[in-house]
Q: 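The structure under discussion is supplied below as structure tokens; questions concerning it will follow.
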Amino acid sequence: MPALAELETAYAKARRDAGFRKEFHFYLCDYAGRETPLYFAERLTEKIGGARVYLKREDLCHTGAHKINNTIGQILLARRMGKQRIIAETGAGQHGVATATVAARFGLTCEIFMGKEDVKRQSLNVFRMKLLGAKVRVVEAGSQTLKDAMNEALRDWVTNVRSTYYLIGSVAGPHPYPMMVRNFQSVIGREARRQILKKEGRLPDYLVACVGGGSNSMGLFYPFVRDLKVKMLGVEAAGHGIPSGKHSASILGGAVGVLHGSKSYVLQNERGQITETHSIAAGLDYPGVGPELSYLRDSGRVEFDSATDREAIAAIKLLAEVEGIIPALESAHAIAMVTKLARHLSKRQIVIVNLSGRGDKDMMTVGEYLGVKL
Amino acid sequence: MSRIENKFAELKQHGEAALIPFITAGDPDLDTTLKIMRALAESGADCIELGIPFSDPTADGPTIQRSSERALKRPVSLAAIFRVVRKFREISEVPVVLFGYFNPFFCFGLEKFARQAADSGADGVLCVDLPPEESAELRRWTDAVGLDLIFLLSPTSDAARIELVGRASRGFVYYVSVTGVTGARRSFDDKLRAQVARVRRATSLPVGVGFGISTPQQAAWIAGFADAAVVGSALVERIERTEGNNNKAKQAGVFVGQLKRALKQAARSA
């Protein structure tokens, strides 16, 4: 708790500081490559034959996903707090890479916790992290995925709390992380809002984003929360299908619980033990979801649906073929949902999808799924 | 007075610190847990911390993580754990503190949890991932049934926090001896004595010290300046490496007997 209080105070101070905001903006632009385009996917729109589909191209950010927005914000904060060592958990490896990247940029020691299962399926990202000078700590406890990596990172943090900054990658974990990560990521929604007003002269009818822990969805949704005419749809990972039990859909298939210091929807058994999750997208393979998304679901502001592994793979192929863009497996869940949603909308309606990451890291997984030997 | 308060009051008269062993319920099964509890009580345990296994024990080191994993190989329900406590209560008056993580309690229902825990004969609850700031709901029910709700302090706790935890706790305050997770340590920081003294000045409750205590010598040293020594991982490890369930209970008793003798000796020589 004292560490969280220290973080909360430091963040509250930085947030009010124009110098901090300027610094954050500078690195988002000149280092991460913002702003990212809001791209009208003309051929995808034609193919679906319904609403106009725009893609928010977070896949074009430095390191290949939206994760860098948050890691830049938090590393600047860690420096202000005088922390010398950065730790982080990672599932797909995108947050690990984004953390290792900023730690290298600012010359801080970096250790990334990653479940053994994820190390196997994301070996490319493990290599990237190492190349960036980070130490990758393989977690063999529990289900050996993201939640176990987070457990181990928390254990490390309480042990080395004085010297170490824990850089959480999603809108999960204890306060102030969900709020802070949402704020750093909401640059996505602020840009998208400005861009769509410029291109279409009006706000979109729908926003669609995939939801694991929820950082890319909160980043897109948050600046639109008060625009009540804009509907929001979060897409969870249905894995082999929610009835199969092999999925990561915390909101659609879970119950209210407390995990990693926040109260939200959690995948658990009837005895309150956290259950193992499955998704072909390692970045969605987490049994909880951000507390604010859980709240927005309960209040009815954000709707939720899901896409299966199979649908995500089909969406990757579709987007690659008609737009020349290979999305990350995570983002492909959102694309899969859009192909169903936009069809039922009129041609005058507008949908913005968060293309949260690029698919290069997933080529081994996709190849394996399609029975192609790489 | 609660059973925990009574026990501390009784030991204080002899100038003795309490010995609080920790074991995980259901490791390796609940029948053995009862046998182990009985052996601990017979060997001089002053209070037993009964760990409620959880899938994601973020405050625990490898020894207790493994112990939780072994327990969870079978479905261990809180109801079944309460039955063990009830059976133990038929044969012993040694206080029992349920030591666990919030989600299984929350999932069971906090009111039902407090009521059934008290009915079974448990005396206290320590929920490691529940800070006092978030404890109002659980506290309402534990107070209603007279269960002692115990909170943690650590070397990073400042004066305001010590005051808050001192006020929120019932029974005793649990001081975490190191910044870190549970698990045996070879040595302790010399500052521990001063840190515990600081806590004792701020609260009238007894102060127990835990995390890392693994030998009779360490327990005796702690007893020199604290009201209780908690021994967890070292005991759990001994249970883990002993073959045969009856032997596990026997060895647990032998170890706790050694620890208890060390504490008694420390009291005499003080």
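As a basis for the values below, the full set of heavy atoms in this structure was taken, side chains included, without hydrogen atoms, waters or symmetry mates. These figures come from a predicted structure and were not determined experimentally.
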Q: Would you find more than 12 non-hydrogen atoms of other residues, nucleotides or ligands less than 6.0 Å from B:Glu134 atom CD?
A: no
Q: Mind checking the CD-CZ spacing from B:Gln65 to A:Arg155? Nearest 0.5 Å is all I need.
A: 3.5 Å
Q: Find the distance between OG (B:Ser55) and CG (A:Asn151) and round it off to the nearest 0.5 Å.
A: 8.0 Å
Q: Kindly compute the distance separating CD (A:Glu6) from CG (B:Asp158), expressed to the nearest 0.5 Å.
A: 11.0 Å
Q: Can you name the one residue among A:His260, A:Lys147, A:Glu152, A:Met150 that meets side chain to side chain contact (heavy atoms under 4.5 Å, CB included) with B:Thr58?
A: A:His260
Q: Measure A:Val161 against the heavy atoms of chain B and call it side chain, backbone, both or neither at under 4.5 Å.
A: side chain
Q: Go through it in stages, so that I can follow the logic: the residues are B:Thr156 and A:Arg162, the test is side chain to side chain contact (heavy atoms under 4.5 Å, CB included), and I'd like the CA-CA distance, side-chain angles, deciding distance and then a yes or no.
A: CA-CA 9 Å; B:Thr156 56; A:Arg162 291 186 180 96; 3.8 Å; yes
Q: Do A:Val258 and B:Tyr101 have side-chain heavy atoms sitting under 4.5 Å apart?
A: no
Q: Need one label for A:Asn269: side chain, backbone, both or neither, based on atoms under 4.5 Å from any heavy atom in chain B.
A: backbone
Q: For B:Val76, is it the side chain, the backbone, both or neither that has a heavy atom under 4.5 Å from a heavy atom of chain A?
A: backbone
Q: Just verifying a value: how many Å separate A:Glu270 CD and B:Cys107 SG, rounded to the nearest 0.5 Å?
A: 8.0 Å
Q: Please find the pair of heavy atoms, one from B:Pro53 and one from A:Gln273, that lie closest to each other, and give the distance.
A: O-NE2, 3.0 Å
Q: Can you measure from CG (B:Asn103) to NZ (A:Lys263) and round to the nearest 0.5 angstrom?
A: 10.5 Å
Q: Tell me, side chain or backbone of B:Pro132 under 4.5 Å from chain A's heavy atoms, or both, or neither?
A: neither
Q: Nearest 0.5 Å, please: how far is CZ in A:Arg271 from CG in B:Leu72?
A: 8.5 Å
Q: Please report the shortest heavy-atom distance between B:Phe106 and A:Val256, naming the atom on each side.
A: CE2-O, 3.4 Å
